[in-house]
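These notes are about the structure you will find just below.
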Amino acid sequence: MDKSMLADLDSLPEEDKVRMSTMIDQLQIRDSLRMYNSLVERCFTDCVDTFRRKTLDKQEETCVRRCAEKFLKHSMRVGMRFAELNQGAATPD
């Protein structure tokens, strides 16, 4: 959120601030769960071939670890790039 948006929130009544804060928290939780579910589905689909046993074999475990690391690094990079673009858009020319 940029500073002008935060300043706008300060002018709201306390009840609205609480409501907005709750809504933002819910959106962040929803987005986190979506990212987690996407990660699990993608890595499971890519790495687990059969259901021979209850636990992952060494190859599957390595694949899941690499997949999760790549997914998280990619998500972090996209978030950083989005923040960079957002800062650039908020700065007057």
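Contact record, Cys67 with Cys47: CB-SG, 4.3 Å, taken as the closest heavy-atom pair.
Within 6.0 Å of CZ in Arg30 there are more than 12 heavy atoms belonging to other residues, nucleotides or ligands.
For Asp57, the side-chain hydrogen bond (donor to acceptor under 3.5 Å, both in side chains) partners at least two apart in sequence or on another chain are Arg52. For Leu56, the side-chain contact (heavy atoms from CB on, under 4.5 Å) criterion is met by Val48, Glu60, Glu61, Val64, not counting sequence neighbours. For Glu15, the side-chain hydrogen bond (donor to acceptor under 3.5 Å, both in side chains) test picks out Arg19, with sequence neighbours left out. Applying the side-chain contact (heavy atoms from CB on, under 4.5 Å) criterion to Met23, with sequence neighbours excluded, gives Met20, Leu27. Under the rule for a side-chain contact (heavy atoms from CB on, under 4.5 Å), the partners of Asp25 that lie at least two apart in sequence or sit in another chain are Ser21, Gln28. With sequence neighbours left out, the salt bridge (charged side-chain N to carboxylate O under 4.0 Å, His left out) criterion links Arg81 to Glu84. With sequence neighbours left out, the side-chain contact (heavy atoms from CB on, under 4.5 Å) criterion links Glu14 to Lys17, Val18.
Looking at Asn86, its side chain never comes within 3.5 Å of a backbone N or O of Phe82 through a donor-acceptor pair.
Hydrophobic cluster membership of Phe71, counting Ile, Leu, Val, Met, Phe, Trp and Tyr whose side-chain heavy atoms lie under 4.5 Å apart directly or via other members: Met35, Leu39, Leu72.
For the atom pair Met80 CE and Ser75 OG, the distance stands at 12.0 Å (nearest 0.5 Å). Ser38 OG to Arg34 CZ: the interatomic distance, rounded to the nearest 0.5 Å, is 11.0 Å.
Within the structure, the side chain to side chain donor-acceptor pair (under 3.5 Å) test picks out no pair touching residues 39-48 (sequence neighbours left out).
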